[in-house]
Amino acid sequence: MLKVLLIGKDGRTHAIADALFRSSRNVELYVICPFNNPGLRSMARQFSETSTEEPEAVREFALTVNPDFAIIG
């Protein structure tokens with residue numbers, strides 16, 4: 001199981017999430033987005049509605065989910 005933390009808020013972030021979600025690899029997707037995005041939320045194992053401009057909040061979420069790596073959208 002590959003745990004991926006995706007951080008972003010725009011169409012590029014959604015495209016990355018969609019590619020990971022449809023991947024044949026076993027990916028667990030965790031998303032940080034500053035607003036409720038139903039598309040991203042539906043693909044994420046866990047979704048955090050947190051400002052991407054708050055590094056401490058992003059850090060706390062990352063420590064909670066313990067991803068293998070992160071992608072900044």
Side-chain angles (χ1 to χ4, degrees):
M1 177 80 54
L2 185 62
K3 294 171 78 173
V4 178
L5 173 60
L6 180 58
I7 303 167
K9 60 182 175 183
D10 56 15
R12 175 180 30 213
T13 303
H14 194 277
I16 293 167
D18 188 53
L20 290 169
F21 188 74
R22 291 183 297 116
S23 172
S24 61
R25 299 180 189 265
N26 197 6
V27 175
E28 257 181 28
L29 185 59
Y30 298 86
V31 177
I32 295 176
C33 183
F35 52 85
N36 183 17
N37 182 315
L40 288 174
R41 187 179 289 273
S42 70
M43 291 184 270
R45 174 159 191 161
Q46 193 170 345
F47 183 91
S48 176
E49 194 172 324
T50 302
S51 172
T52 55
E53 304 293 320
E54 296 178 29
E56 276 305 309
V58 172
R59 179 181 177 275
E60 286 299 316
F61 186 72
L63 289 173
T64 300
V65 301
N66 193 29
D68 295 308
F69 66 92
I71 299 172
I72 311 299

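Numbering of residues begins at 1 and proceeds along the displayed sequence. These values consider heavy atoms only, across backbone and side chains, with no hydrogens, waters or symmetry-generated copies.
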Looking only at heavy atoms, the pair that brings Asp68 and Met1 closest together is OD2-O, 3.7 Å
What distance separates Cys33 SG from Ile7 CD1, expressed to the nearest 0.5 Å? 11.0 Å
Determine yes or no for a side-chain-to-main-chain donor-acceptor pair under 3.5 angstrom, with Ser23 supplying the side chain and Ala19 the backbone. no
Could you measure the distance from the CZ atom of Arg59 to the OG1 atom of Thr64? Nearest 0.5 Å is fine. 10.0 Å
Pro34 to Gly8 - nearest heavy-atom pair and separation: CD-O, 3.8 Å
Between Ala57 and Thr50, the two heavy atoms sitting closest are CB-CG2, 3.3 Å
Excluding Val4, membership of its hydrophobic cluster (Ile, Leu, Val, Met, Phe, Trp, Tyr; side-chain heavy atoms within less than 4.5 Å) reads Leu2, Leu6, Ile16, Leu20, Phe21, Val27, Leu29, Val31, Leu40, Met43, Phe47, Phe69, Ile71
Of all residues at least two apart in sequence or in a different chain, which pass the side chain to side chain donor-acceptor pair (under 3.5 Å) check with Arg25? none
Derivation and outcome, side-chain contact (heavy atoms from CB on, under 4.5 Å), residues Arg41 and Glu49: CA-CA 9 Å; Arg41 187 179 289 273; Glu49 194 172 324; 3.7 Å; yes
Value for CD (Glu53) from NZ (Lys9), rounded to nearest 0.5 Å, stands at 6.0 Å
